[in-house]
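Data first, discussion second: the structure below is written as structure tokens.
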Amino acid sequence: MSGDGATEQAAEYVPEKVKKAEKKLEENPYDLDAWSILIREAQNQPIDKARKTYERLVAQFPSSGRFWKLYIEAEVNILFYFFLYRNCNIHCSDRKQIRNIGKQ
């Protein structure tokens with residue numbers, strides 16, 4: 001095993017619904033049903049994995065305030081989490097609640 005990022009990324013599980021949505025987008029890049037599936041998947045991913053989807057989304061729909069808002073909220077949630085979790089003196093029970101903020 002080479003241990004490089006490409007090998008690890010290739011082995012990453014991709015749900016069937018996401019594969020189908022990607023295929024639909026190859027045929028029609030404006031298919032909102034397919035984008036909805038990718039958006040829901042991105043919202044359940046860490047931002048470093050979801051960012052690529054958000055970037056593609058706003059590139060495809062650059063004037064959609066709704067899609068920009070989703071992207072910005074995802075980025076802000078992680079910044080908010082790191083600010084509270086890393087820089088504040090928080091009780092352990094509060095940390096558990098904060099960890100779940102980015103997943104809402």
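Worth knowing before you read on, the calculation uses all heavy atoms, side chains too, and leaves out hydrogens, waters and symmetry mates. All residue numbers refer to positions in the sequence shown, counting from 1.
Atom CG of N77 and atom CD1 of I72 lie 12.0 Å apart (nearest 0.5 Å). The distance from the CD1 atom of I39 to the CG atom of N44 is 12.5 Å, given to the nearest 0.5 Å.
When all heavy atoms of K24 and A34 are compared, the closest pair comes out as CB-CB, 4.0 Å. The nearest pair of heavy atoms linking A50 to A42 is CB-O, 3.3 Å. Summarising the geometry of W35 relative to L25, their closest heavy-atom pair is NE1-CD2, 3.3 Å, with the distance given to 0.1 Å. Looking at every heavy atom in both residues, V18 comes nearest to L38 through CG1-CD2, 3.6 Å.
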Practice task
Given side-chain hydrogen bond (donor to acceptor under 3.5 Å, both in side chains), test E55 with Y71 step by step and report yes or no.
Solution key: CA-CA 8 Å; E55 289 287 339; Y71 185 16; 2.3 Å; yes

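Using a cut-off of 4.0 Å between Lys/Arg side-chain N and Asp/Glu carboxylate O, R56 and E22 are scored as salt-bridged. K20 and E16 are not joined by a salt bridge, as no carboxylate oxygen comes within less than 4.0 angstrom of a charged side-chain nitrogen.
Residues Q45 and R51 are not in side-chain contact: their nearest non-hydrogen atoms beyond the backbone lie 4.5 Å or more apart. Between Q43 and L70 there is a side-chain heavy-atom pair separated by less than 4.5 Å. At a threshold of 4.5 Å between non-hydrogen side-chain atoms, the residues I47 and E75 count as touching.
Aromatic ring centroids of F61 and Y30 lie under 6.0 Å apart.
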